[in-house]
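First the structure, in the form of structure tokens, and then the observations on it.
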Amino acid sequence: MNKFDAIIIGGGPAGLAEAYALKAAGKDVAVVENYQWGGTCPNRGCDPKKMLLSGVQARDRVSQLKGKGFGEAPLVKWSELEAFKDTYTSKIPDGSRNGLISAGITAIDGSPKFVAEDQISVNDEVYQADKFVIATGQRPSRLNIDGKDNLFTSTDFMNLKSMPKKVTFIGAGYIAFELATIASSTGAEVHIVHHNDRPLKGFDKEYVDALVKQLERRGIQFHFNVDTKSITKIGNQYVLDAGDFNLVSDLVVGATGRIPNVDNLDLEKAGVEYSRRGIQTNRKLQTTNPNIYAIGDVVDKEQPKLTPVAGFDARYVADVINGKTDKDIEYPAIPTLVYGSPELAKVGVSTMEAEKNPDDYSVVDQDLTKWFTYYRTNEPIAKAKVVFNKDNQIVGATLMSNESDEVINYLTLAINKKLTHDEILNTIFAYPTPASDLQYLI
Ligand SMILES: Cc1cc2nc3c(=O)[nH]c(=O)nc-3n(C[C@H](O)[C@H](O)[C@H](O)COP(=O)(O)OP(=O)(O)OC[C@H]3O[C@@H](n4cnc5c(N)ncnc54)[C@H](O)[C@@H]3O)c2cc1C
Ligand SMILES: NC(=O)c1ccc[n+]([C@@H]2O[C@H](COP(=O)([O-])OP(=O)(O)OC[C@H]3O[C@@H](n4cnc5c(N)ncnc54)[C@H](O)[C@@H]3O)[C@@H](O)[C@H]2O)c1
């Protein structure tokens with residue numbers, strides 16, 4: 001029998017970070033992956049999405065300066081941009097697998113099943129380990145409606161070889177907003193169909209409404225309170241039917257959330273409990289079997305399911321396994337960001353929570369469009385709501401602009417390090433940059 005100190009199931013950001021951290025501590029480690037080494041983020045998530053968004057960003061920079069040095073901005077040529085994205089993603093699976101092997105970590109291809117509490121079987125071989133770490137992530141959930149097989153996923157969308165003329169997204173969460181913005185920059189007619197009237201739930205409503213208006217100005221059409229009943233293929237087109245509403249398009253992408261990969265592992269044989277929200281863990285990320293941990297997106301947790309959170313989980317569990325900590329996991333403030341143009345970002349105490357507790361928090365809402373950073377690029381929308389506690393310490397923020405992805409990170413640092421206004425004021429930042437605006441935000 002093959003024996004290891006630790007076996008990790010899933011070779012995505014969580015699993016790979018775990019493997020390297022345990023190997024660095026001298027453990028004998030194996031990782032099992034059943035699809036693309038590297039996982040969702042670099043193959044079919046964050047990274048390809050952000051490469052495709054490069055086209056939107058370049059186009060918008062030009063379009064904002066129309067009549068100020070530029071003419072009409074050209075549309076994004078999808079097939080060229082998609083091919084550019086492929087030059088990055090195509091190298092990920094082999095690169096990720098080879099990286100493990102070079103580090104002396106065993107890479108096993110296949111679908112594992114637990115055959116005992118400390119053993120898995122992969123391709124008819126049995127592997128035993130003292131510790132297991134489950135890091136199998138999530139996959140797109142599919143609406144349970146007639147014609148659900150006609151729905152494309154975010155992965156299918158990012159791999160399209162040509163962009164259809166008319167594209168519909170069902171759902172109004174991160175994926176729908178981001179991919180709709182990309183599709184729209186190619187000149188496609190884009191629709192977002194949502195079952196209620198609260199898109200991007202969890203973000204400040206006023207800012208979401210402003211974002212929706214901005215995307216409508218780009219030509220994206222929103223249809224709220226539409227409960228999709230079926231998708232029927234007629235010829236080369238798809239008919240979305242919701243009773244009193246229907247829409248014909250060339251492509252319908254389901255973007256109604258993701259579900260954890262907990263099936264097919266025979267977790268029952270290892271005594272690991274789970275639900276449709278993911279694997280149940282305690283605050284040490286131990287499952288109901290104390291020698292089996294779960295990390296990253298597959299865990300049933302309240303924290304957002306994001307790549308840096310997966311890495312944080314992995315480093316923490318490595319410390320637990322290596323005996324470096326016996327404390328419960330404590331997450332810092334975690335920034336979340338809807339990419340696009342503009343970007344909507346938040347971190348820490350939400351504006352909703354602050355408004356509900358006016359004795360504890362105050363909110364400073366600022367329009368930034370006239371600030372130099374945004375004026376020079378003629379940004380159509382730039383806003384910030386910053387939440388302070390009673391000691392005037394920044395504890396949360398919601399931002400909307402094309403610079404939000406950078407500024408939210410500075411604010412995250414300020415929140416987690418409890419930086420004061422004076423500390424920011426006494427730091428000399430390069431000027432003029434979004435960082436040098438911090439003294440006016442905090
Ligand atoms: C379209 C999209 C855009 C995103 N954009 C962002 C973003 O901008 N920023 C951000 O932080 N996050 C983003 N995310 C989320 C991010 O991709 C995930 O949070 C991150 O990949 C989680 O890492 P993980 O290792 O837990 O899971 P995954 O990356 O999903 O990796 C899990 C791995 O386990 C493998 N696996 C599954 N089942 C088994 C099995 N039975 N046996 C063996 N292996 C198995 C999978 O093939 C996969 O390789 C995005 C996700 C999507 C879908
Ligand atoms: N920028 C980022 O960090 C980023 C980007 C993309 C994805 N992600 C990760 O991937 C996850 C999944 O993204 P997502 O956009 O699929 O999920 P999501 O949970 O953000 O949004 C799903 C949306 O679908 C809606 N919905 C559910 N059922 C519906 C129905 N029957 N009809 C119409 N709408 C329906 C929900 O109300 C919600 O608005 C995110 O939660 C996040 O963890 C992160």
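Counting convention: from 1, in listed order, for ligands and their atoms alike. Note: hydrogens, waters and symmetry copies are ignored here, and every other heavy atom, side chains too, is used.
Comment: D328 engages K284 in a salt bridge, judged by a side-chain N to carboxylate O separation of less than 4.0 angstrom. Between E82 and K161, at least one side-chain nitrogen of the basic residue sits less than 4.0 Å from a carboxylate oxygen of the acidic one, meeting the salt-bridge criterion. A salt bridge is defined here as a Lys NZ or Arg NE, NH1 or NH2 lying under 4.0 Å from an Asp or Glu carboxylate O, and D300 with R276 fails to meet this definition.
At a 4.0 Å cut-off, not a single heavy atom of P304 sits close enough to ligand 2 to count as contact. Within the 4.0 Å heavy-atom cutoff, K49 counts among the residues contacting ligand 2. At least one heavy atom of R258 sits closer than 4.0 Å to an atom of ligand 2. In this structure, P199 has no heavy atom closer than 4.0 Å to ligand 2. Under a 4.0 angstrom heavy-atom cut-off, L143 registers as being in contact with ligand 2. Residue contacts with ligand 2: T336 is excluded, as none of its non-hydrogen atoms falls under 4.0 Å.
If you check each of S111, A14, P112 against atom 42 (N) of ligand 1, the one with the closest non-hydrogen atom is P112.
Residue G257 has at least one N or O atom closer than 3.5 Å to an N or O atom of ligand 2. The shortest N/O to N/O separation between V338 and ligand 2 does not fall below 3.5 Å.
Listed by number with element, the atoms of ligand 1 under 4.0 Å from a non-hydrogen atom of K305 are 15 (C), 19 (O). Near P308, meaning under 4.0 Å from any of its heavy atoms, are these atoms of ligand 1: 11 (O).
Of all the heavy atoms of L337, the ones lying under 4.0 Å from any atom of ligand 2 belong exclusively to the backbone. Residue contacts with ligand 2 for E178 involve side-chain atoms from C-beta outward but no N, CA, C or O (heavy atoms, distance under 4.0 Å).
Among protein heavy atoms, the minimum distance from atom 15 (O) of ligand 2 is reached at I175 N, 2.8 Å. Protein heavy atom nearest atom 26 (O) of ligand 1, with residue, atom name and distance: D297 N, 2.9 Å. Looking only at protein heavy atoms, the nearest one to atom 8 (O) of ligand 1 is K49 NZ, 2.7 Å.
N261 places a side-chain N or O within donor-acceptor distance of the main-chain N or O of T136, the cut-off being under 3.5 Å.
Figure legend: K269 and F114 shown without cation-pi pairing, the cationic atom not lying both under 6.0 angstrom from the six-membered ring centre and within 45 degrees of its axis.
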